[in-house]
Amino acid sequence: MARAIFALCYLALFCTRQALALLSQDLLDVVSANLGPSSLVDQITEVSEAIDKATEKITDSLVPTTAQRAVTSCLIINLIFNPNVYTESSPNYTDNEDINWSQTCRLPAACFIHPQSTVEVAVVLKVITATGAKFSIRGGGHNPNPGFASVDGLGVLLDLQDMKLMSIDADGTLHAGPGHRWIDLYEFSEANNRTVKGGRTIDVGIPGFLLGGGMPFFPTLHGLGADSVRNYEIVLSNSTVVNASHDQNPELFRALKGGGSNFGIVTRFDIQTYPLIRAQYVVNLYNSSDYINIFQATMKVQKSMELDPRIDLYVTVTPTVVVVGMFYANWVAQPPTAFDPFYQLESLVGAMVPLTNGTVTSLAVDLGANTPQYDARRIPTAVTTTGDVGLYIRNHEQFLKSLDITEATFAANLSYTIQPVASATVRVGNARRGNSLGLDSIPQIWWSMVVEWADKKNDLQAQRTLNTLDDNLRSIAKSRGELISYQFMNDASFMQTVLDSYGSDNLARLRSVAAHYDPTAVFQELQNDGFLLRKI
Ligand SMILES: Cc1cc2nc3c(=O)[nH]c(=O)nc-3n(C[C@H](O)[C@H](O)[C@H](O)COP(=O)(O)OP(=O)(O)OC[C@H]3O[C@@H](n4cnc5c(N)ncnc54)[C@H](O)[C@@H]3O)c2cc1C
Ligand SMILES: *[C@@H]1O[C@H](CO)[C@@H](O)[C@H](O)[C@H]1NC(C)=O
Ligand SMILES: *[C@@H]1O[C@H](CO)[C@@H](O)[C@H](O)[C@H]1NC(C)=O
Ligand SMILES: *[C@@H]1O[C@H](CO)[C@@H](O)[C@H](O)[C@H]1NC(C)=O
Ligand SMILES: *[C@@H]1O[C@H](CO)[C@@H](O)[C@H](O)[C@H]1NC(C)=O
Ligand SMILES: *[C@@H]1O[C@H](CO)[C@@H](O)[C@H](O)[C@H]1NC(C)=O
Ligand SMILES: *[C@@H]1O[C@H](CO)[C@@H](O)[C@H](O)[C@H]1NC(C)=O
Ligand SMILES: *[C@@H]1O[C@H](CO)[C@@H](O)[C@H](O)[C@H]1NC(C)=O
Ligand SMILES: CC(=O)N[C@H]1CO[C@H](CO)[C@@H](O)[C@@H]1O
């Protein structure tokens, strides 16, 4: 639709000229509609002539190129928001490129923009929509899919890292800006004797995690990350700011719980916290050759998760060792007997994290401190199944075959994680007015498979390997009647169609919310990439 309007305007040059000639006035309108500070009004007024002159770069060309749109956007935004805009000539430009977990995402945007407030986001978005520039939004930059929270030199990147806000109400509602990483929220909540449901790695960003559903520690206790969000403050495509909660814009509220970046730019999350969780945890390493016994133990703990919501488990399988995180939401004299199947295994080779009484913060910190950190190109894929030892064994046998083939062709690390999700996790979400994910309340496994490699020339090979791992698990599960269509956005690759996996009813609701709140399809057409409705 946005493109259609631009196309019409190419034909009638006058139309474009008229739309853009008013840009500086439009920007002032955005500031006043959002009660922005007078300093911002002054700043725009001061450079209004330059803004309107800059737009000539677009109005003067019959068919502006993608590059012209990006450059013009950057130029106008720089006029207003310097020094929070970084272009190729800025000394900090490469720092901006490198804020990403996977090397594949370190892309050279035409400019990196760091808005300082919601009204600045609204102004920047107005410039982007007026120039028709391609853009991406970045929170913590942990999504490993290239082009999602990164963009090449033909687009602009909105980096929300400076939008840090943290406060907590007497009722335990935490207000958080999108610029935080989970460690900030963990520490702040715990200083207030509360626990927030966030990522299991301290430097994962708040916005991407929550918009994708969010797998926290102890998911059986209070549901997924998104299920604890009470309100989103969001900038819509026409630069209007609204709240989405179960009282205001309830359909948008539901859509944002798992629907990703299809509806707007979230500028604040209001999150329910819980009385402080005392976490007892251990992370053990087992010899991978003992996989049959390890999977039997896994299945037994999964069954216990249905009975005791304080149990949390993850199992990461690598070619040499299996990493088993066993967490319990209470300090108990002895680890619960539910974990005995693992304690009884003879293949224990050591502890990555020894048995500790701590909190979710210390757990996340200890996990990070003991996980090897190194730069790599990485890509994950998400598969969901019901749980069954036979499936785990058959899948592992295929994994070993893929490993052999890969070893003979290129240097890569393959691994996968079994994340058990108890039926109660889904019930919590449903009780909180639902989310977009389309999950059934049954015990299930969210698999995350990862390929990691170093050399850019192996990108395609890595993708093929990942697809093989994904296909194998899917076909084994399907043949056993154990495949669930759901794909967990936070662990999914760009090759997957996540929103489609939520089921046709949910997809239809997401489409209708997008049509209502983004009638000109800015987030579909101008946004560079993502788990977008346009791709389905
Ligand atoms: C080491 C590691 C550990 C992880 N652990 C977990 C875990 O325990 N549980 C879990 O669920 N996931 C986990 N993940 C996955 C992680 O949650 C996702 O990759 C998530 O997208 C990261 O959030 P971010 O803000 O860092 O993302 P970004 O990469 O910044 O953004 C992700 C997506 O969200 C969009 N976006 C970002 N901010 C906004 C906004 N304000 N408004 C609208 N759209 C926005 C981006 O455009 C992009 O499409 C992990 C990832 C890594 C690399
Ligand atoms: C820019 O570089 C300076 C000096 O190296 C550093 O202090 C600052 O944090 C950097 N800013 C960003 C946004 O990377
Ligand atoms: C948190 O709890 C401890 C122990 O009960 C108490 O001493 C402390 O004052 C509490 N802190 C806050 C911020 O409520
Ligand atoms: C959103 O809700 C907050 C808190 O209730 C309120 O202060 C703010 O004005 C609301 N914003 C809009 C745009 O309605
Ligand atoms: C795992 O067991 C195999 C034999 O089954 C042995 O060769 C290997 O060294 C063991 N690995 C570790 C990490 O203990
Ligand atoms: C954890 O706390 C419990 C209860 O206070 C105690 O009995 C147990 O020994 C502690 N465990 C560890 C590993 O510190
Ligand atoms: C594989 O993992 C090891 C650490 O376990 C790391 O040192 C190595 O660089 C990785 N290899 C690739 C190709 O990423
Ligand atoms: C902005 O978009 C929203 C959602 O489509 C709509 O309700 C609102 O009226 C629009 N505001 C303006 C100023 O056009
Ligand atoms: C700027 C920044 O955060 N860069 C990081 C990108 O990711 C690698 C790997 O985790 C880190 O080493 C960099 O510091």
Side-chain angles (χ1 to χ4, degrees), residues 99-102 105 136-145 148-150 159-161 163-166 174-189 195-219 221-234 253 255-274 312 314 360-361 363-365 367-368 371 378 380 382 417 419 421 425 428-429 432 435-437 439 446 448 450 486-493 498-499 530-531:
I99 304 178
N100 282 294
W101 181 70
S102 173
C105 301
S136 282
I137 313 158
R138 178 163 71 192
H142 261 58
N143 195 288
N145 292 305
F148 282 35
S150 52
D159 182 321
L160 306 174
Q161 65 173 292
M163 295 190 55
K164 292 191 166 75
L165 155 100
M166 259 188 326
L174 174 68
H175 307 283
H180 287 289
R181 308 291 177 111
W182 282 106
I183 184 65
D184 308 334
L185 267 58
Y186 282 146
E187 287 178 340
F188 182 77
S189 309
T195 295
V196 64
K197 306 296 287 185
R200 290 167 304 184
T201 301
I202 55 174
D203 53 2
V204 166
I206 312 302
F209 173 92
L210 289 174
L211 291 167
M215 167 62 81
F217 291 112
F218 304 114
L221 272 186
H222 307 290
L224 301 172
D227 295 326
S228 286
V229 180
R230 286 186 158 165
N231 180 61
Y232 303 79
E233 179 191 80
I234 180 171
F253 176 61
L256 288 167
K257 293 196 270 180
S261 60
N262 283 289
F263 314 101
I265 302 175
V266 179
T267 46
R268 196 187 70 230
F269 296 87
D270 300 329
I271 309 166
Q272 179 170 351
T273 61
Y274 303 94
D312 186 6
Y314 81 86
V360 166
T361 305
L363 169 51
V365 169
L367 275 183
T371 306
R378 299 183 167 101
T417 298
Q419 304 174 99
V421 174
T425 304
V428 173
R432 305 250 175 91
N435 53 43
S436 302
L437 307 176
L439 297 168
W446 295 8
S448 165
V450 179
Y486 174 67
Q487 296 166 358
F488 179 32
M489 185 183 281
N490 288 0
D491 288 335
S493 91
V498 168
L499 299 178
F531 293 110

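Since we're looking at a predicted model, the values are computed, not measured. When a residue number appears, it is its place in the shown sequence, counting from 1.
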Looking only at heavy atoms, the pair that brings S448 and Q419 closest together is CB-NE2, 4.1 Å

Donor-acceptor under 3.5 Å (T267 side chain, E233 main chain): yes

Interatomic spacing from CZ in R200 to CG in D312 - rounded to 0.5 Å: 7.0 Å

How far does CG of N143 sit from CZ of F209, to the nearest 0.5 angstrom? 13.0 Å

With side chains defined as the heavy atoms from C-beta onward, is the minimum distance between V365 and I202 less than 4.5 Å? yes

N/O donor-acceptor pair under 3.5 Å between Y186 side chain and G198 backbone: yes

What's the separation between atom CG in L211 and atom CD1 in I137, rounded to the nearest 0.5 Å? 8.5 Å

Kindly indicate whether the side chain of L185, heavy atoms from C-beta on, has any atom under 4.5 Å from the side chain of I271. yes

Examine distances only and state if a side-chain atom of T273 and a backbone atom of V196 form a donor-acceptor pair shorter than 3.5 Å. no

Quick one: does any side-chain atom of K197 pair with a main-chain N or O of F218 as donor and acceptor, under 3.5 Å? yes

Which distance, rounded to the nearest 0.5 Å, do you find between the CZ of F253 and the CZ of F263? 13.5 Å

Gap between atom CG of N435 and atom CG of L256 - 0.5 Å precision: 12.0 Å

Q487 side-chain N/O to A382 backbone N/O, donor-acceptor pair under 3.5 Å: no

Between D227 and H222, do the side chains contain a donor N or O and an acceptor N or O under 3.5 Å apart? no

Can D203 and R181 be counted as an ion pair, charged N to O under 4.0 angstrom? no

Has N262 got a side-chain atom pairing as donor or acceptor with G530's backbone, closer than 3.5 angstrom? no

Beyond-backbone contact of W446 with N490, side-chain heavy atoms, under 4.5 angstrom: no

Measure the CD-NE2 distance between Q161 and H180 for me, rounded to the nearest 0.5 Å. 12.0 Å

Is it the case that the side chain of D159 and the backbone of A149 share a donor-acceptor pair, with hydrogens and angles ignored and the cut-off at 3.5 Å? no

State whether the side chain of D270 and the backbone N or O of R230 hold a donor-acceptor pair below 3.5 Å, judged by distance alone. no

What's the shortest heavy-atom distance between S493 and P380, and which atoms? CB-O, 2.9 Å

Taking all non-hydrogen atoms of both residues, which atom of P207 and which atom of G139 are closest, and how far apart? CG-CA, 3.6 Å

Taking all heavy atoms of S228 and all of R432, pick out the closest pair and write down the distance. OG-NH1, 3.8 Å

Please tell me if the side chains of N231 and H175 come closer than 4.5 Å, counting only heavy atoms from C-beta onward. no

Any side-chain heavy-atom pair of I206 and P178 under 4.5 Å: no

How about E187 and T361: does a side-chain donor come under 3.5 Å of a side-chain acceptor? no

Should L439 and V421 be marked as a side-chain contact (heavy atoms from CB on, under 4.5 Å) after you check the CA-CA gap, both sets of side-chain angles, and the distance that decides it? CA-CA 11 Å; L439 297 168; V421 174; over 6 Å; no

State, yes or no, whether a side-chain contact exists between L437 and L224 at a heavy-atom distance under 4.5 Å. yes

